[in-house]
Amino acid sequence: MDNNNLNLYKIYKKIFKYWKKKKILNYNIKNKYKKKFIIYDGPPSINGNPGVHHIFSRIIKDIFYRFYTMNNYKVICKLGWDTHGLPIEIEVEKKLKINKKDIGKKISVKYYNYKCKKFVKKNFKKWIKFTNQIGYFFNKKNYFITYSNKYIESIWWIIKKIYNKNLLYKEYKVLPYSPIAGTPISYQELNLPYTYKKIKDISVYVLFKLIKKKIFKKIKNKIYLLSWTTTIWTLPCNSALLIKGNIYYLLIKIYNIYFKKKINIIISEKSIKNILYNNKYKILKRFLGKKIIGLKYKQLINWFNYTIKKKKKFIIINDNLNLIKEDIGTGIIHIAPNFGKNDFEIGKKNNISEILYKNKNNKLYQIIDKNGKFIKKVPLGLGNKYIKNSYYNNNYKKNKYLIEKIFIKYLIKKKKLFKIKIFKHIYPHCWRTNKPIIYYPIKSWFINLKKIKKRIIKLSKKINWCTTNLIKKKFENWLKNIKNWNISRSRFWGTPLPIWKTKDEKEYLVIGSLKQLNNEINKSIKLGYINNNPLKKKNINLHKHFLDNIILSSKNGKKMFRELDVIDVWFDSGCSTYAQNNYPFNKKKKKLIDNKIYFPSDFISEGIDQTRGWFFTLHIISTIISKYISYKNVLPLGIILDKKGKKMSKSKGNTLNPFKILKKYGPDSIRWYMVYNNFPWKNIKFNIEDIKKIKNKFFNTLYNIYLFFLNYSKIDNFNLKDKYKNQYIDKWILSKLNNLLFKTYNNYKLYNITYLSRDIYNFVIYDLSNWYIRLSRKRFWKKKYDNDKISAYQTLYKCIINVLKISYPISPFFMEYLFIKLSYINKKNKNIILKKFPKYNKKYINNIIENNMLFIRKYCSIILSLRKKKKIKVKQPLQSVNILINNKNKKIFKNINNIKLLKKEVNIKKINFIKYKKLKKYINKEIKLNYKILGPKYKNKIKYIENFFKKIKNKSISKLEKKKYINIKKIKINLNEVFIIYKVIKKNNIMYSKNNTIIILNTKINNILKEEYLVRYFINKIQRLRKKKNYKLIDKINIFLYKKNNIYKILINNKIKICKETLTNNIIINKKIFKKKYFYFNKKKIIFNIKKNNL
RNA sequence: AGUCUCGUAGCUCAGAUGGUUAGAGCACUACACUGAUAAUGUAGAGGUCCGUGGUUCAAUUCCACGCGAGACUACCA
């Protein structure tokens, strides 16, 4: 088989088919389960194609799915999909080319919801394909989808439960609101990543004309209060000005460029610098803010002036919420209670009225509608225009600052403008439409989380975050500042709020099940409010269009209508613990949850952005419903960035098509890459080059190891039952292997998948491939099928099989593929998942051998580097190397195996171990200070000591070594306070010295060594030629040599060795050679050829 | 705007309660090895440890300020 043809995608397909045929796609196929392992799947929203980041969260779960199945757990994991909500609605609106306001007008809600469902179903197919392709298998009988009636019914039950606990309430409040989506945004949604964006706004300083009172009696001219705002569109609704009572304000005379004359303005003392551009001004009066509290002013823009009776308007009030910061603005804040959270609170506290529009029928309206447009009655052509130009889709640039320009023109005309300033700030945006939100007064349903905050936090401490403490702390801190959850959305495609109300909103009815709804409908039919029971129809669909028509009756017999809103999608997914099991209506599952068998989950894992999303909602809902945590372990996953470190997003065009990547590199290498690359919670810079590297290095190497084993074991008819005794190097790799098994098992248990994948990788590349196989190759080549050879086979086989098993959860297809291929050795080995996860065997662990080997490898590397420096090839044998014997290496070199290994690896005939005393012959000494000890002891005298040792001679150093100290004037320096450094003196020697390790290599090459080199060189040439001629491994050959000069004698003298290593029958000296091959050695031409001779 | 984290080789990152010559992997270059062979090994080159100042015998490490990046918080009018 050809190595470069290793196609992981083809292997995936083969194995997938095979699994399908054998019906082991659904993991729970073992007969005996001891325990259960519960995973909850965070349902992804299927508003489009799956992205690369979805690979990540699914494979992480799959890894533990497989791991725990191997450990004989019954793993419970229902895959789910989030099918409701804004993300889907927006995609559908784009497709239908409609706006929110068209729904119910141009097209019916029923049709719209039908389209949404269709859209979801279409994407669902893609998702199943994708899920299967990454090795996370979809089970037709076991999944949940949030639009199903059963799922919705469970949500209703939960809503009712929350209502009964007095945690659900309706309130009129100024909320973050997305006009384009036409729905309020919860604070959880506002806290999703990338919602706060830098924008440029035009801000204005405007002049409110004060109605003068005593305090300004002496001032003749008009007095203005100067206020600054970034939301120019709220000015018509101004009804109060906020100042701070305990700070100083100034009345100043200053030039106004728009009036072209000097005017009198009031401003806080410290904010004066904000409004100056080289203007001079004159202070007329300095006074505390409280002196003007309660004064009135003239309305700034008097387009509308309807206010609520008994409420105040156009008045200066005190800032008791401490909102005024003196370095910003003018110290005077404009308040419009209907637009702004703080404004609303202040208005409420100070009994300030909103400014509203009242029509002929005495109906009241906000002057800005729910679409984010001014109502028709607004003058200056502003009517029906968006209040922010960024709400326009197409002509945004053309209309840039259009609204602001109109306002500014008007303010100049009315002599009410002081200054304009471009203001850069960070502003919240809607997470789906990407448009800025506004703060808008709305009646909404809330869950009172503040009331149960203590329990939420207390329980959250039981959750184990499989990551750094930082993320856990942030989650807990965030819970401390928890806000009540706004769960109603004025949208269409979502779980409908199961709440009915009377027209006067005095009576409410919350429905908690279909059965209850059915009963209520029957009551209503008796009263004649509706004609027939829609629940009796065949295909009922518990969505808005279906329920809105149902009229129920109140206790007092009044008509009740459904609350028109749907529920926040985040609530849907937060209910998944219960709703996926149709809790409490499915009695079997209810038992399992109540008895804490299906609950809480052992493990969940989703993107780190879900900390404020699903992780949060899941926790909240289980806190309310079960009074317990809903997950024990959570592994948050980093964001997938492109290779430049930027977030992947459709708008930037840097997303990758996961299907294409899967096809090119196969799921296994991607899975391995994602786990291996970095800790899961750190952001991944997704780089295809790195996947290639993983494929080339890890998978190719593993495959090569397999091929190597395959080739030779077949030639030798290796049998697993063959008896053997382990050799030195086998003991080493088995010790390494068992340590690896030990570590890996524990790391899976602790969810440390990055560590364990790196351990496996290092074992395969550095220990198994680069060391064990390289050193053992000759054992496989030799003819005799003896203990040494059997031991090598047995060991290598053990290593491969175990590596396959422990790597299987991460890269299942490839591992299974090799496992099946190797089943000719052991016919019981068919499918990894049916096997038990291997555990380590203590008796194989031998730390002494491992340490020895580490040491030898280090010495090899040092000696090879010395050879390199002298440009002596490894093939050239060398006579000797001198190694300083010290406490560390004494024991190691007592073992002959280690000496043999080292000699073989660096191709040196003899190793001399020399004692410290005999070093003199080879080296010069120098002294370096141990600053860590000497520094604190002698402080600034250290420079003097440095100088002394710079000039020191060999004799003095020897003295120091003997006496173990030296005196420098009055200072006594001990031997352990310095380091002795060595330098080589002898010719033909090269030395390495660091700490206590000294190696001196003898680089002299005599004739015998040269001859040996020639023989090896010649063998190499023959081997290459064999391969070039495509001879088989077991083919025998004859060598033909052309007799000319005495170099041949050397080769003939080594005939036995050459024949043995190249499977040669005979070396034939000829005067003529057919088709000459030749090479040069010491500038002499050597002519030869080979021929197959399988006699 | 505030709080937190971070800034180390071309890239991805380690690291040290302050102390000898600051480490890995990848990429690069050279060489070697070679019946696992488009694999593999060894070595080399590469760093003002973001900048400035302070503390210290000694600062990449501690402190302060500045610059830059990221996360979180926040309607800062």
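Each chain gets a letter, A, B and so on, in the order the sequences are listed, and its residues count up from 1.
Here A/Arg777 reaches the OP1 or OP2 of B/A36: one of its side-chain N or O atoms lies under 4.0 Å away. Side-chain nitrogen and oxygen atoms of A/Lys697 include at least one within less than 4.0 Å of the OP1 or OP2 phosphate oxygen of B/C26. Contact annotation: A/Asn770 side-chain N/O to B/G41 OP1/OP2 distance is under 4.0 Å. Considering only side-chain N and O atoms, A/Tyr712 lies under 4.0 angstrom from the phosphate OP1 or OP2 of B/A36.
For the C1' atoms, the distance from B/C26 to B/G18 is 31 Å, rounded to whole Å. For B/C67 and B/A30, the P atoms lie 45 Å apart once the distance is rounded to whole Å. For the P atoms, the distance linking B/G10 with B/G68 amounts to 22 Å, nearest Å. With both ends at atom C1', the span from B/G46 to B/C28 equals 10 Å, rounded to whole Å. If you take atom C1' in B/U17 and the same atom in B/U21, they sit 22 Å apart, rounded to whole Å. Across B/G44 and B/A38, the matching P atoms stand 28 Å from one another, rounded to whole Å. Comparing B/G47 with B/G53, their P atoms sit 23 Å apart, to the nearest whole Å. With both ends at atom P, the span from B/G41 to B/G25 equals 10 Å, rounded to whole Å.
At distances below 3.5 Å, not a single donor-acceptor pair connects side-chain atoms of A/Ser227 with backbone N or O atoms of A/Val206.
Here B/A36 presents its C1' atom at 13 Å from CZ of A/Arg774, a figure rounded to the nearest Å. Atom NZ in A/Lys714 sits about 17 Å away from atom P in B/A36, given to the nearest Å. The CD1-P distance, from A/Ile324 to B/A1, rounds to 20 Å in whole Å.
Between A/Gly331 and A/Arg1024, the one whose closest nucleotide on RNA chain B sits nearer the 5' end is A/Arg1024. Closest-nucleotide positions on RNA chain B for A/Tyr1017 and A/Asn481 were compared, and the one nearer the 5' end corresponds to A/Tyr1017.
In this entry B/A9 has no Watson-Crick or G-U wobble partner, no candidate having both defining distances under 3.5 Å. Nucleotide B/U29 forms a Watson-Crick or G-U wobble pair with B/A43, both donor-acceptor distances falling under 3.5 Å.
Annotation: A/Trp478 is in aromatic contact with A/Phe616 [ring centroid separation under 6.0 Å]. Ring centroid separation for the pair A/Tyr703 and A/Phe699 does not come in under the 6.0 Å cut-off. Checked against the 6.0 Å centroid criterion, the rings of A/Phe208 and A/Tyr297 qualify as a close aromatic pair.
Across all strands shown, A/Phe709 has no heavy atoms under 4.0 Å from either base or sugar-phosphate atoms. Within 4.0 Å (heavy atoms only), A/Asn696 reaches no atom of the nucleic acid at all. Within the 4.0 angstrom heavy-atom criterion, base atoms lie near A/Ser769.
For the ring-ring contact (aromatic ring centres under 6.0 Å, His included) with A/Phe698, the lone residue among A/Phe763, A/Tyr761, A/Tyr766 that qualifies is A/Tyr761.
Residue A/Thr231 places its side chain closer to B/A77 than to any other of B/A36, B/A77, B/G25. Which of B/A36, B/A74, B/U40 sits closest to the side chain of A/Lys483 comes down to B/A74.
No side-chain donor-acceptor contact under 3.5 Å links A/Ser757 and A/Trp672.
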